[in-house]
Amino acid sequence: MRPKSCKTAALAAAAALAVAAPAAADWKPERPVEFVAAAGPGGGTDLFARVVQSALSKEKLLDVPVIVTNKAGGSGAETFIYAKTSGGDPYKLFFGTQDAYALPLANKLSYSLKDLEPVAAMTFDPFILWVNPKASGIADVKGFIEKAKAAPGSIKVGGAKAKEADETLMTLIEKAAGIDLSYIPYKSGSEAAVQVAGGHIQANVNNPSESVEQWRAGVQKPLCVFEEARLADTTVIADGMSWNAIPTCIEAGLDIKSFAQPRTIWAAKGLPPEALAYYTSLLRKVAQTEEFKGYMARGAQIPRTLTGDELKAFIAQHRATYAEYYKNNGWLKGAVD
């Protein structure tokens, strides 16, 4: 009787698993989903979240509403602290960049990377050095460096947040060119662009999408792109120039290679595996929509979608790179491992 009992138990267990598997595989949201952007309205992360929201709606990829909220406090740390307190809630996704894992390196915060579940990196933004040509009197990288050397600290460079990508890049510019600049942090790259356009500061390091309208209006000019090769798009944008016409910073005399920033999406630690699988698949579909492809084209972005183990490997490598930057700048406060 015992062998028969064991066999019966095994069959019952297999049947239970067979019933449970489709239920897990078929998980999907049944009420509104909140997208929390770690930047102010109009910033690059906010635009990213809203484009994903729009693609989901237009392509009818999601049957429930999506609400975008902004938590830009603490240079975006407010978003990830909120994630920590969300207890694996599958109805919240958190949008950022490398800020999710870079902020705890330079600041003593109440969250760490261990409190987050990486879901996807959907595209990469290049950085460009921009100036207001009329207000600054600067026409090219050579002129930028000469003016900075003539009056150390006189050139004010704006950027999104403090001790994050923009300020880090500015310190790399200082070291590469042997100059001294003054950094002014804002809540978003769009705010920095407005300040440059108004002549309140002379320059900023910004993603293409955050300064393209000011370029078209003639109040910002791109000097160089921080990539090893020129951007691919040859569509004329302004001044008879395309993104491809902008020289790399190496070509222009500033020895800094690629400094692209990922557009990332996170969940709170403890997210059910079936929800993670659902969102991973959903966001890969979003990356293939015309809405999202148009967004990447407008922003001269670098198409690259990462999920799963590939994403985790990238995060580990990129976080180590930032830890080295922060160590060199005397900013490193958090644990590296």
Side-chain angles (χ1 to χ4, degrees), residues 20-21 23-39 45-46 48-49 52-53 55-56 61-62 64 66-105 107 109-124 164 261-287 292 304-323 334-337:
D26 292 342
W27 184 92
K28 62 180 181 180
E30 296 178 347
R31 53 185 173 84
V33 176
E34 182 182 16
F35 285 0
V36 187
T45 297
D46 177 66
F48 170 43
V52 175
Q53 176 195 40
L56 288 170
L61 295 174
L62 195 59
V64 298
V66 172
I67 302 163
V68 177
T69 59
N70 300 84
K71 291 186 181 295
S75 292
E78 181 185 5
T79 285
F80 306 112
I81 293 170
Y82 180 45
K84 180 181 178 179
T85 64
S86 295
D89 188 342
Y91 291 90
K92 291 181 173 65
L93 292 178
F94 306 90
F95 285 66
T97 57
Q98 69 288 324
D99 49 6
Y101 47 88
L103 285 169
L105 293 172
N107 305 275
L109 300 172
S110 60
Y111 88 93
S112 72
L113 183 58
K114 295 177 182 178
D115 298 312
L116 306 175
E117 182 68 51
V119 180
M122 291 188 65
T123 187
F124 284 70
E164 233 275 15
Q261 131 175 308
R263 293 289 172 192
T264 58
I265 300 175
W266 305 80
K269 202 67 171 181
L271 179 75
E274 58 270 24
L276 175 60
Y278 174 83
Y279 285 124
T280 298
S281 175
L282 182 68
L283 293 169
R284 280 197 169 277
K285 290 176 184 176
V286 168
F292 198 80
R304 187 185 179 194
T305 302
L306 303 177
T307 58
D309 290 342
E310 188 179 19
L311 174 59
K312 290 178 181 178
F314 168 79
I315 290 170
Q317 175 272 320
H318 203 220
R319 184 169 177 266
T321 298
Y322 264 82
V336 177
D337 51 11

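All residue numbers in this chain count up from 1 along the given sequence.
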Would you say [X]'s side chain and [Y]'s backbone share a donor-acceptor pair under 3.5 angstrom?
{"X": "Thr264", "Y": "Thr97", "value": "yes"}
{"X": "Glu34", "Y": "Thr69", "value": "no"}
{"X": "Thr45", "Y": "Phe95", "value": "no"}
{"X": "Tyr111", "Y": "Ala100", "value": "yes"}
{"X": "Ser281", "Y": "Ala277", "value": "no"}

Handout entry: Which residues share a side chain to side chain contact (heavy atoms under 4.5 Å, CB included) with Asp89, sequence neighbours left out
Key =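 Listed in chain order: Arg31, Ser86, Tyr91, Lys92.
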
Exercise for the section: Go through the structure and list residues passing side chain to side chain contact (heavy atoms under 4.5 Å, CB included) with Ser110, not counting sequence neighbours. Expected result: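 So Ser110 forms a side chain to side chain contact (heavy atoms under 4.5 Å, CB included) with Ile81.
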
Exercise for the section: With sequence neighbours excluded, tell me which residues meet ring pair (Phe, Tyr, Trp, His ring centres under 6.0 Å) with Phe124. Expected result: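 Expected list: Phe314.
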
Problem - Partner residues of Tyr322 under the ring pair (Phe, Tyr, Trp, His ring centres under 6.0 Å) criterion, sequence neighbours left out - result: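 Scan of Tyr322 (ring pair (Phe, Tyr, Trp, His ring centres under 6.0 Å), adjacent residues dropped) gives His318, Tyr325, Tyr326.
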
Handout entry: CD (Glu30) with more than 12 external heavy atoms under 6.0 Å
Key =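 At most 12 heavy atoms, drawn from other residues, nucleotides or ligands, come within 6.0 Å of this atom.
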
Exercise for the section: Return the orientation label for the Trp266 and Phe80 ring planes: parallel under 30°, perpendicular over 60°, tilted otherwise. Expected result: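 Rings of Trp266 and Phe80: perpendicular, as their planes differ by over 60°.
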
Problem - For Thr123, all residues meeting side-chain hydrogen bond (donor to acceptor under 3.5 Å, both in side chains), sequence neighbours excluded - result: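 None.
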
Practice task
Return the minimal non-hydrogen interatomic distance between Asp99 and Ala38, and the atom names on each side.
Solution key: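 Looking at all heavy atoms of both residues, the shortest contact is OD2-CB, 3.8 Å.
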
Handout entry: With sequence neighbours excluded, residues passing salt bridge (charged side-chain N to carboxylate O under 4.0 Å, His left out) with Glu117
Key =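 In terms of salt bridge (charged side-chain N to carboxylate O under 4.0 Å, His left out), with neighbours along the sequence ignored, Glu117 is linked to Lys269.
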
Exercise for the section: Kindly determine whether Phe94 and Leu116 satisfy side chain to side chain contact (heavy atoms under 4.5 Å, CB included), including the steps that lead there. Expected result: CA-CA 9 Å; Phe94 306 90; Leu116 306 175; 5.8 Å; no

Practice task
Test side chain to side chain contact (heavy atoms under 4.5 Å, CB included) on Leu56 and Val33 and set out the steps.
Solution key: CA-CA 12 Å; Leu56 288 170; Val33 176; over 6 Å; no

Exercise for the section: Apply side chain to side chain contact (heavy atoms under 4.5 Å, CB included) to the pair Tyr279 and Ile265, showing each step before the final yes or no. Expected result: CA-CA 10 Å; Tyr279 285 124; Ile265 300 175; over 6 Å; no

